[in-house]
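Shown next, in structure tokens, is the structure this report addresses.
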Amino acid sequence: MPDPFTSRVIAIIKRIPPGNVLTYGLIAKFAGNPRGARQVSRILHSMSSTEGLPWHRVINAEGRIVLASDLEKDEQAALLREEGIVVSPDHRVDLDRYLWKSVNIDY
DNA sequence: TTAGTGACAGGCA
DNA sequence: CTGCCTGCCACTA
């Protein structure tokens, strides 16, 4: 079994509704570790199997898509656009508009 | 064991 | 706006 933090991160990401996004730092905070942003990114990177995980709805605090390759960035941007999210050519989204605000999860 | 690294964040010039 | 620095924490050489 993975540690509690990891399971919570997975649970939260699974509940992000289509058309909305969350940031690494926010997810970490909701999962109980305000300083775990980098862990969230690492979890997604390793669990790239993405078993039904909407990983593409996770972006950084600036509303930017930051991945290793430009190819991956375009891929994620395409997935987001399919959900109606406007992604600028330089891979940025409007957080004020698409950030998932009604995060309410009980453990 | 120490040093470097990264799908991050926040402050500052 | 961009770039640099610091704090963070797990992983790797």
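Throughout, protein chains are lettered first and strands after them, A, B, ... in sequence-line order, and every chain is numbered starting at 1.
dG7(C) atom P lies 18 Å from atom CG of N33(A), rounded to whole Å. Spacing between atom CG of D70(A) and atom P of dA7(B) amounts to 13 Å, rounded to whole angstrom units. As a whole-Å value, the separation of L95(A) CG from dC8(B) P is 14 Å. Atom CE of M47(A) is separated from atom P of dC11(C) by 14 Å (rounded to the nearest Å). Going from atom CD1 of I13(A) over to atom P of dA7(B) covers 16 Å, rounded to whole Å. R92(A) has its CZ atom 7 Å from the P atom of dT2(C), to the nearest Å.
You'll find the side chain of Y24(A) reaches within 4.5 Å of the side chain of L44(A), heavy atoms only. V93(A) has its side chain out of reach of V86(A): every pair of non-hydrogen atoms, C-beta onward, lies at least 4.5 Å apart. Between W55(A) and Q76(A) there is a side-chain heavy-atom pair separated by less than 4.5 Å.
Considering every non-hydrogen atom in both N60(A) and T23(A), the closest pair reads O-CG2, 3.6 Å. In this structure, L95(A) and A61(A) approach most closely via the heavy-atom pair CD1-O, 3.3 Å.
Side-chain heavy atoms closer than 4.5 Å link hydrophobic residues (I, L, V, M, F, W, Y) into clusters, and following such links, possibly through other members, connects L67(A) to I27(A).
Within 6.0 Å of atom CZ in R81(A), more than 12 heavy atoms from other residues, nucleotides or ligands are found, so the atom counts as buried in its surroundings.
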| said: Could you walk me through whether M47(A) and I10(A) satisfy the side chain to side chain contact (heavy atoms under 4.5 Å, CB included) test, starting with their C-alpha distance in whole Å, then the side-chain angles of each, then the deciding distance to 0.1 Å, before giving a yes or no? | reply: CA-CA 10 Å; M47(A) 288 193 69; I10(A) 302 298; 3.6 Å; yes
| note | Symbol by symbol from the 5' end, with Watson-Crick or G-U pairs under 3.5 Å, [ ] crossing and | another strand, DNA chain C is .||||||.|||||
What are the atom names and distances for every N/O pair under 3.5 Å that joins the protein to nucleotides 9-13 of chain B?
unit_1, atom_1, unit_2, atom_2, d
dA9(B), OP1, G25(A), N, 3.2
dA9(B), OP1, A61(A), N, 3.0
dA9(B), OP2, A61(A), N, 2.6

Between protein and nucleotides 4-6 of chain B, what N or O pairs are separated by less than 3.5 Å?
unit_1, atom_1, unit_2, atom_2, d
dG6(B), N9, R38(A), NH2, 2.8
dG6(B), N7, R38(A), NH2, 3.2
dG6(B), N3, R38(A), NH2, 3.2

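When the side chain to side chain donor-acceptor pair (under 3.5 Å) test is applied to E83(A), the partners found at least two apart in sequence or on another chain are H56(A), R57(A). When the salt bridge (Lys or Arg N to Asp or Glu O under 4.0 Å) test is applied to E82(A), no partner is found at least two apart in sequence or on another chain.
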Acceptor/donor pairs from residues 34-43 of chain A side chains to any protein atom, 3.5 angstrom cut, sequence neighbours excluded:
unit_1, atom_1, unit_2, atom_2, d
S41(A), OG, R38(A), O, 2.6

